[in-house]
**Q** 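What follows is a structure written as C-alpha cells; I'll ask about it next.
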Amino acid sequence: MTLTDEERAVYEWQISVEDFQEAGQEKLKGASVLISRVGGLGSVVAYELAAAGIGRLVLAHAGDVKPSDLNRQLLMTHDWLGRPRVESAERRLKELNPRLEIVAVPENLHAANAAQLVEQVDLVVDCAPLFEERFAMNRQAVQQGKPIVECAMYDLDAQITTVIPGQTACLSCLYPEKPPEWRRQFPVFGAVSGTVGCLAAMEAIKVLAGFGEPLANRLLTMDLRSMRFSKLTIQKHPDCPVCS
Ligand SMILES: [Zn+2]
C-alpha cells in the first residue's frame, strides 16, 4: 500500500520513528482491525488507530448513547444521546481521518457473529466488558490465527496482554472460567479506560507493523491509584480447551 503525498504529510512525525518508518506506515494503511465495543476502552483504541492511519476499522457495539456513557466513551457526544453508538463513533472518527474506511456493526459480538466479524480483519482489540463476549472472541480469533489485544479494567486497576495464536497463552489460559465477581456495570474513570486504550492501540500498531516487543506471554497490570505497574509472565495452559 503506497502512501499518497497527503498521507506522507499527515503521518510525518511517526514515520520518523526509526524502526517504523514509511514501510511501517504502509503496513498500517493496508491493515484492518476489529474493535469489539467502542465504549470507554474501545473509543480510545479506535481514535488512536484512526489517527495513526489504520486502513480499515470494524466497530461492533449495540445500543444507543446514554448519559452514563459520557464520562469515558470519548466517541459519544451529548448531541447524540438516544442515537446509535456506532453512528456517533463513525462520525467522530471520520472528522479526524476522512481516509479511514469504517464498517459500523450495531451489534455486540456473540458466538453466532464472531466468525464473520473476525474473518474481515487482521487483528482484534477486545474491549468487551462481559466474559461471554470475550470468550467467544478469543475462541474465534485463536481458531482463525488472528492476534488479539486483550484489555480489561475495574475501578483504578487495569490489565493488558497480547495473544499471538500458536505462540502465546490465550484468554482461556488466563481465565479457564468467568470470574464470579465480574459484573456488567463497575466503577471506573475515563482516564483509566483511556490509559489502557492508548496502550492497546500501541500494541496493535506494533503487531501490525512488525516492530517493538508486544506483551506476548506477559500481562501488564496497572494500579492507577498508587501508580504501580508490573509485568507478570503468563504461560499457555497445557489443557486449555481453546489453544492447546
Ligand atoms: Zn489458551
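Hydrogens, waters and symmetry mates play no part in the numbers below; they use all other heavy atoms, side chains included. Every number for a ligand or one of its atoms is a count from 1 in the order of the listing.
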**Q** Using a strict cut-off of 2.8 Å, how many protein N/O/S atoms surround the Zn ion (ligand 1)?
**A** 4
**Q** Under a 3.5 Å threshold, yes or no: a donor from one side chain and an acceptor from the other, between Glu203 and Thr162?
**A** yes
**Q** Do Phe135 and Leu171 come close enough that some side-chain heavy atom pair is under 4.5 Å?
**A** yes
**Q** Measure up the Phe20 and Phe211 rings against each other and bin them: parallel (under 30°), tilted (30 to 60°), perpendicular (over 60°).
**A** tilted
**Q** Can you tell whether the side chains of Lys146 and Glu119 come within less than 4.0 Å, N to carboxylate O?
**A** no
**Q** Go through Thr195 and Phe189 one step at a time and tell me if the side-chain contact (heavy atoms from CB on, under 4.5 Å) criterion holds.
**A** CA-CA 10 Å; Thr195 300; Phe189 285 99; over 6 Å; no
**Q** Please confirm whether the backbone N or O of Gly40 pairs with a side-chain atom of Ser43, one donor and one acceptor, at under 3.5 Å?
**A** no
